Amino acid sequence: MGEKTYAFPAGFLWGGATAANQYEGGWLDGGKGASVPDHITGGTVSTPRRWTREIEEGTYYPSHEAVDFYHRYKEDIALMAEMGFNVFRLSINWGRIYPNGDDKTPNEEGLAFYHDVFQECRKYGIEPLVTLSHYETPWALTEKYNGWASREVIDHFVRYATTCFQEYKDEVKYWLTFNEINCAMMPFGTIMGLGMVPESDVMDFGASETHEQVQKRFQALHHQFVASAKAVQIGHAINPNFMIGCMIAGGLAYPYTCNPKDALAAQNKNNMSNYFCGDVQVRGVYPYFAKRFFKENNIHLDITTDDEIELLNGTVDFYSFSYYMSSTETVDEELKAAKGNVFAGVPNPYLETSEWGWQIDPEGLRWYLNDVYGRYEIPLMIVENGLGAVDVRGEDGKFHDVYRIDYLRKHIEQMGEAIEDGVDLLGYTMWGCVDLVSASTGEMKKRYGFIYVDKDNDGNGDLHREKKDSFDWYKKVIASNGKELD
């Protein structure tokens with residue numbers, strides 16, 4: 001028997017994904033206001049990023065220029081079209097449309113920019129998949145309201161979403177309300193996802209918190225749930241053909257051992273990671289296990305009857321998610337202290353690990369797709385997946401990223417298996433199709449793209465684009481609708 005081939009459905013969406021704060025640049029061009037990431041400095045794996053109230057002279061802020069899609073969108077979209085993309089995920093930067101977040105009228109230059117981008121996509125037959133909020137809360141809302149801690153921000157977001165839906169109703173079909181909304185359940189989500197001022201100016205992914213901080217964070221997350229639900233309803237009223245989805249940071253936890261206590265810990269982790277937010281956005285209600293979580297953590301949310309009605313009426317059309325790795329859970333505190341890390345727990349001995357310590361688990365993607373689809377039975381879309389790596393030029397001056405091809409091939413194979421299992425999978429947008437700034441560290445050397453961008457961690461480089469070997473490989477994958485994976 002030869003190599004197995006997979007039957008992806010006709011019309012399957014193949015493409016790539018980006019976010020304005022990591023990709024777009026032009027941070028104050030065209031009337032744009034500052035957003036939260038514009039106040040976050042560069043960093044490295046060993047040196048955490050910082051947020052600053054004022055822009056410090058001489059300090060590097062990666063989002064200010066990013067990789068300059070703002071001025072190079074025609075070049076980048078043409079390269080995507082050459083690969084055969086039929087979908088391109090990007091975010092609208094809220095501050096480019098409403099510079100202060102709570103303005104009464106939108107910024108016409110900002111509206112025109114995204115019209116130009118969407119028209120360029122349409123020229124090549126590329127469907128835009130648009131995230132309304134991808135860690136891009138306008139900075140003025142942080143200063144004035146402490147971001148999503150205030151219920152008032154719901155109405156400002158709804159105004160912004162309504163403007164986008166009306167403005168682009170004939171150019172965009174696929175929408176996501178909030179990127180990785182479940183990251184707001186973790187301490188680093190305070191500033192990144194919720195635009196709230198944290199206690200420390202250092203972005204510590206394992207930071208401890210006071211009860212008051214946790215309480216505020218979950219109340220702010222509730223405000224985002226309500227805002228999303230309202231936006232979904234308005235979007236459907238403006239254009240009934242809109243497909244509006246949620247977006248979850250996909251987390252798959254295995255029990256480290258067959259100890260039933262490890263199994264329960266993994267079950268709890270999966271529930272909280274994937275289904276706490278998923279249930280609210282897909283089913284319109286908080287999950288059954290939320291009651292115990294709130295009780296044990298002494299969290300008391302202000303949830304009005306009107307909120308409950310909005311959540312029930314504003315459920316999403318599809319569930320989208322990011323998937324990069326799996327993790328393990330154990331109750332063995334000594335083992336966790338010796339070998340564990342904040343993201344992946346204790347290393348899984350059956351998996352390889354990337355340069356950044358992320359465990360590579362293609363079969364876990366199939367498991368996750370089946371688990372989510374079994375719970376909700378609505379269409380799914382993978383909107384982030386990829387391998388961050390240091391790309392080094394070969395002796396011939398080109399980028400031979402065979403490790404990236406291998407990673408993507410194995411994950412696409414498992415997508416094919418999941419489709420054979422019966423999962424309704426709409427599409428796949430690989431993360432960082434053009435090299436962009438890392439959200440966690442602010443680095444450029446952690447590269448994901450099919451397209452190399454000449455820029456280093458300190459912001460040096462002329463930003464020219466070059467194809468890597470993975471460019472032609474992905475072009476072949478798309479042309480064959482997933483049949484040619486070698």
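On a predicted model such as this, the values are computed, not experimentally measured, just so you know. Residue numbers count from 1 along this sequence.
Applying the side chain to side chain donor-acceptor pair (under 3.5 Å) test between D391 and each of R447, K468, K445 identifies K468 as the sole match. For the ring-ring contact (aromatic ring centres under 6.0 Å, His included) with F118, the qualifying choice from F113, F88, Y73, Y168 is Y168, the only one to do so.
Taking the six-membered ring where the residue is Trp, Y6 and F8 present perpendicular rings, their angle passing 60° and hence far from 30°. W14 and Y428 have perpendicular rings, their planes meeting at more than 60° on a 0 to 90° scale where under 30° would count as parallel. In this structure, Y452 and F399 have parallel ring planes: the angle between them is below the 30° cut-off, well short of the 60° mark. In this structure, Y474 and F450 have parallel ring planes: the angle between them is below the 30° cut-off, well short of the 60° mark. Relative ring orientation between F276 and F218 is described as perpendicular, the plane-to-plane angle rising above 60° on a 0-90° scale split at 30° and 60°. The aromatic rings of F242 and F165 are tilted relative to each other, their planes meeting at an angle between 30° and 60°.
Side-chain contact, Y114 with E171: no donor N or O sits under 3.5 Å from an acceptor N or O. Side-chain contact, D279 with Y376: a donor N or O sits under 3.5 Å from an acceptor N or O. Side-chain polar atoms of D361 and Y368 form no donor-acceptor pair below 3.5 angstrom. A donor-acceptor contact under 3.5 angstrom links the side chains of T163 and Y98, judged on distance only. N385 and Y407 are linked by a side-chain donor-acceptor pair at a separation below 3.5 angstrom, with hydrogens and angles left out of the test. No hydrogens or angles considered: a donor-acceptor pair under 3.5 Å links the side chains of E136 and N21.
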>> Assess the residue pair S35 and D38 against the criterion (side chain to side chain donor-acceptor pair (under 3.5 Å)); give the C-alpha distance rounded to whole Å, side-chain angles, the decisive distance to 0.1 Å, and a yes or no.
In response: CA-CA 5 Å; S35 63; D38 296 327; 3.2 Å; yes
> Could you go step by step and tell me if K123 and E120 meet the salt bridge (charged side-chain N to carboxylate O under 4.0 Å, His left out) rule?
Replying inline: CA-CA 5 Å; K123 184 171 85 175; E120 197 70 16; 3.0 Å; yes
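Panel note: side chain D454, backbone D462; a donor-acceptor pair is recorded below 3.5 Å.
Every residue was checked against the salt bridge (Lys or Arg N to Asp or Glu O under 4.0 Å) condition with K169, not counting sequence neighbours, and none meets it. Under the salt bridge (Lys or Arg N to Asp or Glu O under 4.0 Å) criterion, E127 pairs with R122, not counting sequence neighbours.
No salt bridge links D371 with R375; every basic N to acidic carboxylate O contact stays at or beyond 4.0 Å. Between K467 and D472, none of the side-chain N atoms (NZ, or NE/NH1/NH2) sits under 4.0 Å from a carboxylate O, so this pair counts as no salt bridge. A salt bridge links E466 with R393; the closest basic N to acidic carboxylate O contact falls under 4.0 Å.
Side chains of V87 and T429 form a contact here, defined as non-hydrogen atoms less than 4.5 Å apart.
The environment of NZ in K398 is sparse: at most 12 heavy-atom neighbours from other residues, nucleotides or ligands sit within 6.0 Å.
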